[in-house]
Amino acid sequence: MAEIRLNKKNYEHNLRVISKKASGRVILVLKSNAYGHGAKLLAKTASELGFKFCAVKNEQEAYELTQYMQEILILSHIFNGSEKDDFIYAVNSLDDLKTAKSGTKIHLKIDTLMHRNGIDLSEIDTALKIIKERNLQLLGAFTHFRSADEMNADYFVQKQNFMLVKARIKEQTDSKDELVFHSHASAAFERNLSGFDDEYVRVGMAQLGYAQFDKNLELKPVLSLWARRISARTLKATQGVGYGAKFIAQKDMAVATYDIGYGGGLLRYGGQGELLLANKKPMLGKMSMDSFSCEDVGEWVCVFDDARSWAKFFNTIEYEILVKLSPFIDRKWV
Ligand SMILES: *Cc1c(COP(=O)(O)O)cnc(C)c1O
């Protein structure tokens, strides 16, 4: 069966590098099965290194990690009045505050420019009032940068907006020393050279080894995807392999078929252009649901060990290549 091998040394290295730059204040984003890596595996290893705060999408993901993490922030909860004491919930609108169960632990999401989720700057005072009235536990606040990966001024505008909100919240709150503020996801985290003002960072992709800006951080990809040989044969000159015979052998060659395809979460290669495997050899012919063919290189072939090459080929971002990997693929540390 195809397997995902997670490089423990690289993960530990990335965590150390991030923790150093963020002065130990780190929230690990482990949503969507840790971007396809395997949330439980990563949470266990991270917790052994002392990382105890993570963020996920919903309660279902949070329950998977309770045994490893002390604090779990749920980013996209749909409030229903039965929020659990074990988790911290991101508040994405004033309505959330009205629906939340009394006593719920919350972080306020602040809309500083992205206009996706969060409390508008003009709603802060109302929000604080409802929090008091409804006896919710305000533990922190955060925002998200809309274009941290583009070199423009948005980052600075949002930083300024968030600073004002932080001051306002501190003014209005008794437990201001314990409040946890956070804004920098991976791209912003890398970009930042001026420190984080005691904020936490909230990083997903950086922990997995994909630097976008700061090559000096030397982050190293953690995941490699391996496929196992199902069968091998000699493809004779003029014979084609796979659906539609999109690859035709020019001379006799040893080919093999390996056990993952788009059913395992790979984007589907339809035979156009050259899609290279980690060994720089091309996939041959169209990808099938559960397999693909390539030159026979033995029992295992590494599909990719750096998702950027596939992201480039498919004109997408490495996030999408990784997150689609099926949860049914075996995963292990190596
Ligand atoms: C996914 C997500 C992150 C992590 O983003 P990366 O670019 O992977 O670091 C941080 N914050 C929020 C709100 C997110 O949804």
Side-chain angles (χ1 to χ4, degrees), residues 10-11 14-15 17-19 21-22 25-39 42-43 46 51 53-62 65 69 71-78 87-93 96 106-119 139-151 154-155 158-159 161-162 165 180-192 196 199-214 217 219-223 306-308 311 316-325:
N10 286 1
Y11 190 51
N14 298 339
L15 290 182
V17 165
I18 291 166
S19 182
K21 183 165 173 180
R25 287 185 280 273
V26 180
I27 300 171
L28 294 175
V29 178
L30 297 174
K31 66 190 180 198
S32 291
N33 202 21
Y35 302 14
H37 286 60
L42 263 57
F51 294 81
F53 199 154
C54 78
V56 295
K57 178 182 179 193
N58 54 27
E59 287 182 336
Q60 194 187 349
E61 290 186 355
L65 305 183
M69 293 284 148
E71 288 167 291
I72 302 181
L73 171 65
I74 299 181
L75 294 168
S76 304
H77 177 67
I78 311 292
F87 308 134
I88 305 167
Y89 294 84
V91 165
N92 288 307
S93 73
D96 289 351
I106 55 168
H107 279 196
L108 274 186
K109 171 84 174 272
I110 312 296
D111 176 11
T112 52
L113 194 64
M114 190 166 180
H115 310 320
R116 181 176 68 172
N117 287 317
I119 308 288
L139 302 184
F142 69 108
T143 194
H144 198 47
F145 296 111
R146 74 174 181 188
S147 24
D149 56 346
E150 295 168 33
M151 284 295 172
D154 292 354
Y155 171 70
Q158 292 191 256
K159 236 179 135 163
N161 285 341
F162 192 48
V165 172
V180 169
F181 293 107
H182 45 108
S183 55
H184 291 74
S186 294
F189 161 75
E190 285 181 51
R191 245 177 103 153
N192 182 300
F196 299 100
E199 279 187 16
Y200 277 62
V201 300
R202 191 179 64 247
V203 293
M205 210 50 161
Q207 82 190 284
L208 308 172
Y210 290 86
Q212 305 191 47
F213 288 111
D214 193 348
L217 285 177
L219 301 172
K220 298 172 185 168
V222 172
L223 177 149
D306 183 332
R308 278 172 287 214
T316 183
I317 50 178
E318 52 269 27
Y319 292 71
E320 191 188 8
I321 300 295
L322 293 166
V323 78
K324 288 206 152 72
L325 293 172

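The first residue of the sequence shown is numbered 1, and numbering continues consecutively from there. Whatever order the structure lists them in is the order used to number ligands and atoms, beginning at 1. Quick caveat: nothing in here was measured; it's all calculated off a predicted structure.
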(request) Any chance you could lay out the side chain to side chain contact (heavy atoms under 4.5 Å, CB included) test for N58 and S76, step after step, and finish with the verdict? (result) CA-CA 6 Å; N58 54 27; S76 304; 6.0 Å; no

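- Residues I88 and I106 have side chains not in contact (no heavy-atom distance under 4.5 Å, counting atoms from C-beta outward).
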So what's ligand 1 close to, N/O to N/O, under 3.5 Å?
unit_1   : atom_1 : unit_2 : atom_2 : d
ligand 1 : 7 (O)  : Y319   : OH     : 2.6
ligand 1 : 8 (O)  : Y35    : OH     : 2.6
ligand 1 : 8 (O)  : M205   : N      : 2.8
ligand 1 : 9 (O)  : S186   : N      : 2.8
ligand 1 : 9 (O)  : S186   : OG     : 2.5
ligand 1 : 9 (O)  : G204   : N      : 2.8
ligand 1 : 11 (N) : R202   : NE     : 2.7
ligand 1 : 11 (N) : R202   : NH2    : 3.2
ligand 1 : 15 (O) : K31    : NZ     : 2.6

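- The ring of Y155 has its center closer than 6.0 angstrom to the ring center of H184.
- For the pair N117 and D111, the tightest heavy-atom approach, listed with the atom from each and the gap, is O-CB, 3.7 Å.
- The closest donor-acceptor contact from the side chain of Y35 to the backbone of E320 lies at 3.5 Å or more, if one exists at all.
- Each of F142, F181, F53 was evaluated against Y200; a single residue qualifies, F53, per the side-chain contact (heavy atoms from CB on, under 4.5 Å) test.
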